[in-house]
*Asks:* 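Sharing a structure below in structure tokens format, with a few things to ask.
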Amino acid sequence: MSDIPPDLTWERAAPPDATGPGPWIEIAFGEGDDGETPVYIRETSDPENVVTTNRRKWDAFVLGVQAGEFDHFVEGVEGVEGVEEDPGNSPHA
């Protein structure tokens, strides 16, 4: 983990009313303001395991999530709101 800056500010991706330790996904943004600025992603249950991408790819991913491009990954998953449930087509069934 030597390439990960030690002074990152991690933002937890959890619902505002969430309690407990998670596990949750956390995101931290590196210094800079262009498309190549690093973005760091980790899970609270394994904070030493950090995935790195860049701001351009992160922004494209977020836009895809907002557009529903990944909804098929959670179809039929219990407790997921806003996605049509069809357990027969769920990758988790």
Side-chain angles (χ1 to χ4, degrees):
M1 205 166 106
S2 61
D3 294 346
I4 309 302
D7 59 345
L8 292 172
T9 301
W10 292 94
E11 297 179 43
R12 189 164 292 178
D17 59 343
T19 59
W24 306 108
I25 299 296
E26 293 181 315
I27 312 296
F29 298 94
E31 291 188 27
D33 58 2
D34 63 17
E36 297 307 311
T37 298
V39 177
Y40 305 94
I41 306 165
R42 70 182 184 185
E43 188 175 335
T44 55
S45 64
D46 188 10
E48 298 299 312
N49 187 13
V50 178
V51 175
T52 305
T53 188
N54 64 36
R55 188 62 189 242
R56 179 179 41 81
K57 292 175 185 176
W58 174 254
D59 290 346
F61 171 72
V62 170
L63 289 172
V65 169
Q66 290 173 335
E69 294 177 15
F70 304 102
D71 288 355
H72 64 283
F73 288 114
V74 293
E75 288 175 356
V77 176
E78 187 176 324
V80 176
E81 295 180 23
V83 177
E84 184 179 320
E85 292 197 20
D86 182 3
N89 291 329
S90 173
H92 305 285

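The residues of the chain are indexed from 1 along the displayed sequence.
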*Asks:* Could you pull out the closest heavy-atom pair between G30 and L8, with the gap in Å?
*Replies:*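 Scanning both residues completely, I find the closest heavy atoms to be CA-CD2, 4.5 Å.
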*Asks:* Restricting to side-chain hydrogen bond (donor to acceptor under 3.5 Å, both in side chains), what partner residues turn up for E43, sequence neighbours left out?
*Replies:*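 Residues passing side-chain hydrogen bond (donor to acceptor under 3.5 Å, both in side chains) with E43: S45.
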*Asks:* Going by ring-ring contact (aromatic ring centres under 6.0 Å, His included), name the residues that satisfy it together with F61, two or more places apart in sequence or in a different chain.
*Replies:*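 In terms of ring-ring contact (aromatic ring centres under 6.0 Å, His included), with neighbours along the sequence ignored, F61 is linked to W58, F70.
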*Asks:* Please determine whether residues W24 and I41 belong to a single hydrophobic cluster, defined as Ile, Leu, Val, Met, Phe, Trp and Tyr linked transitively by side-chain heavy-atom distances below 4.5 Å.
*Replies:*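 No, no single cluster joins them.
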*Asks:* Would you please name every residue forming a side-chain hydrogen bond (donor to acceptor under 3.5 Å, both in side chains) with T19, sequence neighbours left out?
*Replies:*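 By the side-chain hydrogen bond (donor to acceptor under 3.5 Å, both in side chains) rule, T19 matches no residue at all.
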*Asks:* Do I4 and T52 come within less than 4.5 Å of each other through their side chains, counting heavy atoms only?
*Replies:*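 In contact.
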*Asks:* Using the test side-chain hydrogen bond (donor to acceptor under 3.5 Å, both in side chains), find all partners of T44 that sit at least two apart in sequence or belong to another chain.
*Replies:*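 Applying side-chain hydrogen bond (donor to acceptor under 3.5 Å, both in side chains) to T44 gives none.
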*Asks:* Enumerate the residue pairs fulfilling salt bridge (Lys or Arg N to Asp or Glu O under 4.0 Å) with a member in residues 15-24, sequence neighbours excluded, ordered by first and then second residue.
*Replies:*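 Output for this query is empty, none listed.
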*Asks:* Looking only at non-hydrogen atoms, find the nearest pair between Y40 and D3 and report the distance.
*Replies:*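 Answer, listing the atom of Y40 first, then D3: OH-O, 4.3 Å.
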*Asks:* Could you work out, with side-chain contact (heavy atoms from CB on, under 4.5 Å) as the rule, every residue matching E36, not counting sequence neighbours?
*Replies:*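 Applying side-chain contact (heavy atoms from CB on, under 4.5 Å) to E36 gives D34, N54, R56.
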*Asks:* So, taking the atom named CZ in R12 and the one named CD1 in I25, what distance separates them when rounded to the nearest 0.5 Å?
*Replies:*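 The CD1 atom of I25 is 10.5 Å from CZ of R12, to the nearest 0.5 Å.
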*Asks:* Given salt bridge (Lys or Arg N to Asp or Glu O under 4.0 Å), test D46 with R42 step by step and report yes or no.
*Replies:* CA-CA 7 Å; D46 188 10; R42 70 182 184 185; over 6 Å; no
